[in-house]
Chemist: 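The structure's right below; bear with me while I get my questions together.
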Amino acid sequence: PFKLVDTVRMENTPVHDAVREALVNCLVNADFYLPRGVVVEGYPDKIIFRNPVTIIVGKKQMLRGGDSEPRNANIMKMFNLIGLGEHAGSGVPDIFSIWNSAGYDDPIVEEFFGDDAPSKTIVTLPLTEKNIFSPLFDERAKNGAKNGAKSSKVKDRVKIIFELIQNNPSIKNAELAAITGSSKHQIESSIKTLKEAGKIHRENGNRKGKWIID
């Protein structure tokens with residue numbers, strides 16, 4: 001993902017920080033005496049972190065946060081020195097919070113206690129979005145959307161316009177068109193979608209008013 005700061009695209013976002021935090025968590029809690037190591041798998045729709053051990057404080061406490069007991073305290077200190085993994089015990093709750101704020105499906109934490117198979121912990125970070133506009137788009141698709149690529153392009157435009165409005169509630173349609181390279185009709189259609197989805201409404205008219213995020 002990316003974020004806009006004063007209409008400038010910023011490549012580093014809280015989501016990137018959350019991925020780094022997940023990797024740090026994996027490494028500081030791994031048992032490096034075991035023959036199997038940490039495995040990170042990247043897919044278009046998810047990132048999977050596999051750790052060949054279970055969670056010291058337990059899954060419930062890890063999700064709750066506030067209690068840090070890393071297996072490798074020295075490795076954790078090393079990461080602290082470069083500004084990673086600073087908030088002991090809050091890493092996983094922070095990841096969930098960031099993922100939720102970014103609109104992605106919730107992370108999945110699975111803990112397996114091996115009898116016949118080795119124990120392991122698997123953390124999956126989905127890259128599939130909780131599309132706040134999906135019911136609207138799904139209905140339009142049923143009524144004759146031309147193709148998936150067009151629908152995806154429209155969704156991307158709506159999300160960018162929504163983020164621009166969040167950053168600047170006083171932004172005008174002409175400014176939205178100039179920044180996104182969209183036509184007047186495309187901007188009006190995207191704003192209509194946002195209104196119908198219950199995400200924004202206009203206060204005090206078009207000329208001197210501003211957008212309100214619902």
Side-chain angles (χ1 to χ4, degrees), residues 1-5 8-132 134 148 152 155-156 159-160 163 166-167:
F2 66 92
K3 62 182 177 181
L4 295 168
V5 178
V8 177
R9 178 175 173 138
M10 308 296 290
E11 298 292 343
N12 193 56
T13 71
V15 171
H16 293 85
D17 293 335
V19 173
R20 284 190 282 269
E21 184 67 34
L23 179 58
V24 169
N25 265 288
C26 240
L27 296 175
V28 302
N29 288 297
D31 186 340
F32 292 103
Y33 290 99
L34 295 176
R36 294 176 301 115
V38 168
V39 176
V40 181
E41 299 174 285
Y43 300 95
D45 62 340
K46 60 190 171 185
I47 303 171
I48 300 176
F49 298 87
R50 301 180 186 271
N51 205 331
V53 289
T54 53
I55 304 161
I56 291 180
V57 297
K59 179 179 174 179
K60 287 185 178 179
Q61 181 58 48
M62 184 183 76
L63 295 175
R64 189 182 301 120
D67 184 9
S68 177
E69 193 176 336
R71 279 189 172 86
N72 306 293
N74 287 332
I75 293 178
M76 186 170 186
K77 288 178 183 177
M78 290 169 63
F79 281 119
N80 289 166
L81 291 172
I82 58 172
L84 298 175
E86 294 179 280
H87 306 295
S90 64
V92 173
D94 283 351
I95 292 169
F96 271 77
S97 176
I98 290 169
W99 232 245
N100 183 62
S101 297
Y104 286 130
D105 288 326
D106 291 336
I108 301 167
V109 178
E110 300 171 283
E111 195 174 17
F112 299 92
F113 299 90
D115 290 325
D116 298 328
S119 298
K120 58 187 173 183
T121 301
I122 300 176
V123 176
T124 302
L125 303 182
L127 299 176
T128 49
E129 296 185 352
K130 290 179 182 175
N131 196 336
I132 58 176
S134 58
S152 178
K155 289 180 184 180
D156 289 342
K159 285 185 286 186
I160 291 171
E163 189 164 354
Q166 282 181 307
N167 289 335

Chemist: Apply the test side-chain contact (heavy atoms from CB on, under 4.5 Å) to residues V53 and R71: give CA-CA distance (whole Å), side-chain angles for both, the deciding distance (0.1 Å), then the verdict.
Modeler: CA-CA 10 Å; V53 289; R71 279 189 172 86; 3.3 Å; yes

Chemist: If you look at every heavy atom in L127 and Y104, which pair is closest and at what distance?
Modeler: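 Heavy-atom minimum between the residues: O-CE2, 3.6 Å.
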
Chemist: Out of curiosity, I47 CD1 to L23 CG, how far, rounded to the nearest 0.5 Å?
Modeler: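 Separation between the atoms: 10.0 Å.
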
Chemist: Measure across L125 and A22 and return the closest heavy-atom pair with its distance rounded to 0.1 Å.
Modeler: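 Residues L125 and A22, closest heavy atoms: CD1-CB, 4.1 Å.
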
Chemist: Rounded at 0.5 Å granularity, tell me how far CG in D156 sits from NZ in K159.
Modeler: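 With rounding to 0.5 Å, CG (D156) is 5.0 Å from NZ (K159).
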
Chemist: A side-chain contact here means heavy atoms from C-beta on lying under 4.5 Å apart; do P70 and M76 qualify?
Modeler: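 SC-SC contact between P70 and M76 confirmed.
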
Chemist: Do any N or O atoms from the side chain of S97 and from the backbone of P93 form a donor-acceptor pair under 3.5 angstrom?
Modeler: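 Between the backbone of P93 and the side chain of S97 there is no qualifying donor-acceptor contact (under 3.5 Å).
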
Chemist: Can you list the residues that meet the salt bridge (Lys or Arg N to Asp or Glu O under 4.0 Å) rule with D17, with sequence neighbours excluded?
Modeler: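 Testing D17 for salt bridge (Lys or Arg N to Asp or Glu O under 4.0 Å), a comparison that skips the adjacent residues, returns R20.
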
Chemist: Measure from the side-chain N and O atoms of T121 to the backbone N and O of N51, and report whether any donor-acceptor pair falls under 3.5 Å.
Modeler: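 The answer is no, because no donor-acceptor pair under 3.5 Å joins these two groups.
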
Chemist: Where do V19 and F49 come nearest, in terms of heavy atoms and distance?
Modeler: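 That would be O-CZ, 3.9 Å.
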
Chemist: Mind checking side chain to side chain donor-acceptor pair (under 3.5 Å) for N72 and listing every partner two or more places apart, or none if nothing turns up?
Modeler: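 In terms of side chain to side chain donor-acceptor pair (under 3.5 Å), with neighbours along the sequence ignored, N72 is linked to no residue.
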
Chemist: Given the rule in the side-chain contact (heavy atoms from CB on, under 4.5 Å) test, do N100 and F96 qualify, once you have shown the distances and angles that lead to the verdict?
Modeler: CA-CA 6 Å; N100 183 62; F96 271 77; over 6 Å; no

Chemist: Without swapping roles, check the side chain of D105 against the backbone of P126 for a donor-acceptor pair under 3.5 Å.
Modeler: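 No.
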
Chemist: Please table the atom pairs, donor to acceptor, closer than 3.5 Å between any side-chain atom in residues 29-41 and protein atoms at least two apart or in another chain.
Modeler:
unit_1: N29; atom_1: ND2; unit_2: N25; atom_2: O; d: 2.8
unit_1: D31; atom_1: OD1; unit_2: Y33; atom_2: N; d: 3.0
unit_1: R36; atom_1: NH2; unit_2: S119; atom_2: O; d: 3.2
unit_1: E41; atom_1: OE1; unit_2: R50; atom_2: NE; d: 2.5
unit_1: E41; atom_1: OE1; unit_2: R50; atom_2: NH2; d: 3.0
unit_1: E41; atom_1: OE2; unit_2: Y43; atom_2: OH; d: 3.0

Chemist: To the nearest 0.5 Å, how far apart are SG in C26 and CD1 in I122?
Modeler: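 Reported value, rounded in 0.5 Å steps: 10.0 Å.
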
